[in-house]
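Here the structure comes first, spelled out in structure tokens, and everything after it is commentary.
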Amino acid sequence: MAYLDQLDGDTYEMAAPEAMEEEAAAEPAEAETEMAAAEENVAEEVTAEEPAVAEVDPAPEAEAAAEEPAAEEAAAEASGFVAMVASADVANGEKVYKKCKACHALEDGQNRVGPHLFNVVDRDIASVDGFKYSDGLAAIDGNWTADQLSAFLTKPKDFAPGTKMSFAGLRKEEDRAAVIAYIQSAAQ
Ligand code: HEC
């Protein structure tokens with residue numbers, strides 16, 4: 001029964017239940033006072049709709065305050081993800097990269113379990129000399145745009161069935177953007 005001990009530690013406070021939908025406040029009864037032959041029939045009672053009080057829901061996991069450099073203009077043209085990479089937190093990307101390190105070096109020519117990732121952004125897919133790629137990855141045309149990398153890193157086996165990259169994937173888009181930003185910065 002040792003698990004009971006663990007349960008004791010897990011006291012989370014329940015979040016305050018959201019206010020139930022409140023019935024709209026009683027509408028002001030339309031004036032029934034039919035003033036006989038009121039000349040100015042001011043029928044236009046502006047029923048003031050009470051603006052719903054926006055309950056500011058403080059984002060619980062607002063981690064690092066997103067720094068937004070002047071990437072916004074570029075964002076108009078580029079994909080949203082490219083803009084995310086441009087404004088990503090490189091230091092966070094370095095942390096995320098720890099998951100890649102066992103298999104990938106960032107130095108040109110240093111292949112390990114996986115091919116080196118020097119300058120991988122915009123590199124041809126499966127093009128490192130001397131690295132033996134799976135047929136699955138080798139079959140994919142094109143180059144590693146940020147969007148392609150993001151798709152691959154989300155779930156390698158979905159993007160490239162048969163890939164030999166044994167990595168489940170990076171579920172969070174911000175992690176993918178950050179690691180790509182880091183890989184990019186390491187090549188400069
Ligand atoms: C367990 C080892 C392993 C881990 C962990 C791993 N990879 Fe890979 N990666 C590989 C292998 C092996 C390949 C070659 C895949 C193939 O040929 O199908 C590869 C291929 C790639 C490619 C394609 C490169 C090219 O030349 O086309 C990219 C990009 C890549 N990995 C990025 C990453 C990133 C970023 C991470 C961490 C978030 C990561 N990998 C984690 C083993 C790994």
Side-chain angles (χ1 to χ4, degrees), residues 2-3 6-7 9-10 12 15 57-188:
Y3 60 87
Q6 293 177 326
L7 291 176
D10 287 342
Y12 295 101
D57 188 24
E61 292 181 43
E63 291 170 17
E67 288 168 30
E68 294 189 47
E72 279 176 306
E73 284 182 25
E77 300 157 31
S79 79
F81 185 74
V82 169
M84 266 186 92
V85 173
S87 62
D89 180 350
V90 173
N92 181 42
E94 187 169 6
K95 280 185 215 150
V96 175
Y97 190 75
K98 287 181 179 157
K99 297 180 177 173
C100 324
K101 251 183 172 168
C103 302
H104 290 288
L106 287 169
E107 294 81 26
D108 196 2
Q110 302 283 305
N111 297 333
R112 292 185 185 159
V113 175
H116 75 81
L117 296 181
F118 175 77
N119 249 341
V120 73
V121 181
D122 288 336
R123 195 168 86 185
D124 274 356
I125 293 173
S127 66
V128 169
D129 283 342
F131 187 84
K132 195 168 181 324
Y133 291 93
S134 65
D135 292 343
L137 195 63
I140 295 174
D141 289 331
N143 45 8
W144 286 122
T145 61
D147 285 308
Q148 292 278 72
L149 283 168
S150 179
F152 177 57
L153 293 175
T154 303
K155 255 195 174 183
K157 289 186 165 58
D158 282 0
F159 181 89
T163 182
K164 55 181 184 175
M165 171 153 141
S166 310
F167 182 72
L170 297 172
R171 201 171 42 83
K172 288 163 114 184
E173 189 176 33
E174 67 184 84
D175 284 351
R176 299 194 299 272
V179 81
I180 292 166
Y182 171 68
I183 290 170
Q184 222 167 10
S185 77
Q188 280 155 15

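None of these values were measured; they are calculated from a predicted model. Indexing begins at 1, ligand by ligand and atom by atom, following the structure's order.
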Query raised in the report: Is it true that a side-chain atom of Lys164 and a backbone atom of Lys132 form a donor plus acceptor pair closer than 3.5 Å?
Result: yes
Query raised in the report: In chain order, what residues pass the side chain to side chain contact (heavy atoms under 4.5 Å, CB included) check against Ala181, with sequence neighbours excluded?
Result: Val85, Ala88, Val90
Report task. Enumerate the residue pairs fulfilling ring pair (Phe, Tyr, Trp, His ring centres under 6.0 Å) with a member in residues 89-119, sequence neighbours excluded, ordered by first and then second residue. Result -> Tyr97-Tyr182
Give one line per pair: atom of ligand 1, protein atom, distance. Only N/O to N/O under 3.5 Å.
{"residue": "ligand 1", "atom": "7 (N)", "partner": "His104", "partner atom": "NE2", "Å": "2.8"}
{"residue": "ligand 1", "atom": "9 (N)", "partner": "His104", "partner atom": "NE2", "Å": "2.7"}
{"residue": "ligand 1", "atom": "17 (O)", "partner": "Ser134", "partner atom": "N", "Å": "2.8"}
{"residue": "ligand 1", "atom": "17 (O)", "partner": "Ser134", "partner atom": "OG", "Å": "3.4"}
{"residue": "ligand 1", "atom": "18 (O)", "partner": "Ser134", "partner atom": "OG", "Å": "2.5"}
{"residue": "ligand 1", "atom": "18 (O)", "partner": "Thr163", "partner atom": "OG1", "Å": "2.6"}
{"residue": "ligand 1", "atom": "18 (O)", "partner": "Lys164", "partner atom": "N", "Å": "3.0"}
{"residue": "ligand 1", "atom": "26 (O)", "partner": "Arg123", "partner atom": "NH2", "Å": "2.8"}
{"residue": "ligand 1", "atom": "26 (O)", "partner": "Tyr133", "partner atom": "OH", "Å": "2.5"}
{"residue": "ligand 1", "atom": "27 (O)", "partner": "Ala126", "partner atom": "N", "Å": "2.8"}
{"residue": "ligand 1", "atom": "27 (O)", "partner": "Trp144", "partner atom": "NE1", "Å": "2.7"}
{"residue": "ligand 1", "atom": "31 (N)", "partner": "His104", "partner atom": "NE2", "Å": "2.8"}
{"residue": "ligand 1", "atom": "40 (N)", "partner": "His104", "partner atom": "NE2", "Å": "2.8"}

Report summary line: Residue pairs meeting side chain to side chain donor-acceptor pair (under 3.5 Å), one or both in residues 137-159, sequence neighbours left out, come to Ser79-Asp147, Ser150-Arg176, Thr154-Arg176
Query - Heavy-atom closest pair, residues Gly169 and Pro156 - result: CA-CD, 3.8 Å
Query - Flag side-chain contact, heavy atom, 4.5 Å: Phe159 against Leu153 - result: no
